[in-house]
Amino acid sequence: MVAPLARRRAAGAAGRCWLALLPPLLLALLLARPAGALVEGLYCGPRDCYEVLGVSRAAGKAEIARAYRQLARRYHPDRYRPEPGDQGPGRTPQSAEEAFLLVATAYETLKDEETRKDYDYMLDHPEEYYSHYYHYYSRRLAPKVDVRIVILVSVCAISVFQFFSWWNSYDKAISYLATVPKYRIQAMEIAKQQGLLRKAKEKGRNKKSKEEIRDEEENIIKNIIKSKIDIKGGYQKPQICDLLLFQILLAPFHLCSYIVWYCRWIYNFNIKGKEYGEEERLYIIRKSMKMSKSQFDSLEDHQKETFLKRELWIKENYEVYKQEQEEELKKKLANDPRWKRYRRWMKNEGPGRLTFVDD
């Protein structure tokens, strides 16, 4: 009884030792690298690309191309005819097709200098197994077109789209202003003073119809509005320097300009303690209101004068102004019938309540 018990304990201890050694053995098998340089799945697989083409490692491009053309003519599936006593790789049409693909792979590997350099390095350093996989698939999966060209074409396309989109918005703004009585009457008065409307009618008296004369007068009014009114904000006249392409090209210049401007601001107003000018005051007000430059420029001049009179560049004055605006907005909403209906609906029905209407 004692001997079998001892044998079972010894067998259990041996099993536990094998279980303890199993993970290191599996890890060693996973990390093991093949001793040979030729690996299945890379380049020509277990075959040497130089032997496939029948050339030496010192062969030049012309010799490699000549050997490829000879073998391609020989093993091409459409032209292959087995020769008597042929013991080569292409004894049947199927094997000839495989040999043709192998020859094409060998030629693709050796004709490119960079790929050939990687292949020669693999032959000379077979121990760097994972490095060969990385270089092979990085070249194989690399984009055929230069990424810089793709980025440049994309930026140019976006810039062209921006330009035409801005022009469309600008034309819509001009067409809208031409329908506003205030601007239309002023434009017609200017056109009459300059004699543009009379000239349009004289030119079209015998040659143009009424619709053509009307369209020409409309174009004259729009051109006067374009020349007399400075539209700002999102509907302003598009400029080339605002396009994405030119913004990217001018980015270093803008960055340097901003650094110089910021240093001057710190030196003049923080160190020397100078008083703010009108431009600096408007800049502080715009930053306090969290408005972009185009949004702030689209405001009327009398609004900016009001900001300056109330000294809104001072934080305390701006807080008072902001509170007044919020109170005024609340009063407008309180007197707005649509807002009253909305509040009544939110109180009675609410967004999350189900109601059923019984017919």
Side-chain angles (χ1 to χ4, degrees), residues 22-158 160-161 245:
L22 185 59
L25 290 175
L26 292 176
L27 182 62
L29 290 174
L30 290 174
L31 297 179
R33 298 173 179 175
L38 302 176
V39 182
E40 188 68 36
L42 296 184
Y43 304 105
C44 297
R47 298 286 305 277
D48 190 334
C49 293
Y50 291 102
E51 293 180 358
V52 171
L53 296 179
V55 297
S56 63
R57 290 185 62 174
K61 286 186 176 181
E63 184 179 353
I64 292 174
R66 184 166 57 252
Y68 166 71
R69 286 193 294 270
Q70 292 175 358
L71 294 173
R73 284 195 298 267
R74 180 180 178 183
Y75 293 115
H76 196 282
D78 297 336
R79 302 177 58 182
Y80 175 71
R81 297 292 183 273
E83 299 178 359
D86 188 4
Q87 298 297 324
R91 293 187 298 272
T92 62
Q94 184 177 2
S95 61
E97 183 178 355
E98 295 175 356
F100 178 78
L101 294 177
L102 183 61
V103 169
T105 303
Y107 178 67
E108 290 292 330
T109 301
L110 300 180
K111 74 173 184 177
D112 184 66
E113 293 183 0
E114 297 296 329
T115 308
R116 184 178 180 181
K117 187 184 299 183
D118 291 342
Y119 183 71
D120 291 341
Y121 187 82
M122 186 188 75
L123 295 178
D124 297 335
H125 302 82
E127 69 278 0
E128 299 182 10
Y129 177 68
Y130 298 107
S131 175
H132 302 325
Y133 261 99
Y134 169 75
H135 288 294
Y136 175 76
Y137 283 104
S138 62
R139 291 193 182 279
R140 188 172 182 180
L141 301 177
K144 303 300 182 182
V145 183
D146 193 348
V147 178
R148 293 170 295 182
I149 297 177
V150 175
I151 294 175
L152 179 61
V153 172
S154 302
V155 170
C156 292
I158 293 173
V160 172
F161 176 77
L245 177 62

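The first residue in the sequence is number 1, and the count goes up from there.
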Considering all heavy atoms of both residues, which atom of [X] and which atom of [Y] are nearest to each other, and what is their separation?
{"X": "Tyr75", "Y": "Phe100", "answer": "O-CB, 3.4 Å"}
{"X": "Cys156", "Y": "Leu245", "answer": "SG-CD2, 4.2 Å"}
{"X": "Leu110", "Y": "Leu53", "answer": "CD1-CD1, 3.8 Å"}

Measure the spacing between [atom1] of [X] and [atom2] of [Y] and express it to the nearest 0.5 Å.
{"X": "Gln70", "Y": "Arg74", "atom1": "CD", "atom2": "CZ", "value": "10.0 Å"}
{"X": "Glu63", "Y": "Ser56", "atom1": "CD", "atom2": "OG", "value": "5.5 Å"}
{"X": "Ile64", "Y": "Cys49", "atom1": "CD1", "atom2": "SG", "value": "10.0 Å"}
{"X": "Thr105", "Y": "Arg47", "atom1": "OG1", "atom2": "CZ", "value": "11.5 Å"}
{"X": "Glu113", "Y": "Asp118", "atom1": "CD", "atom2": "CG", "value": "12.0 Å"}
{"X": "Leu152", "Y": "Arg148", "atom1": "CG", "atom2": "CZ", "value": "10.5 Å"}

Please lay out, stage by stage, how Tyr43 and Met122 fare under the test side-chain contact (heavy atoms from CB on, under 4.5 Å). CA-CA 10 Å; Tyr43 304 105; Met122 186 188 75; 3.8 Å; yes
Distance only, no hydrogens: is a donor on one side chain within 3.5 Å (strictly under) of an acceptor on the other, for Asp48 and Tyr119? yes
Could you walk me through whether Arg116 and Tyr50 pass the side chain to side chain donor-acceptor pair (under 3.5 Å) check? CA-CA 10 Å; Arg116 184 178 180 181; Tyr50 291 102; 3.0 Å; yes
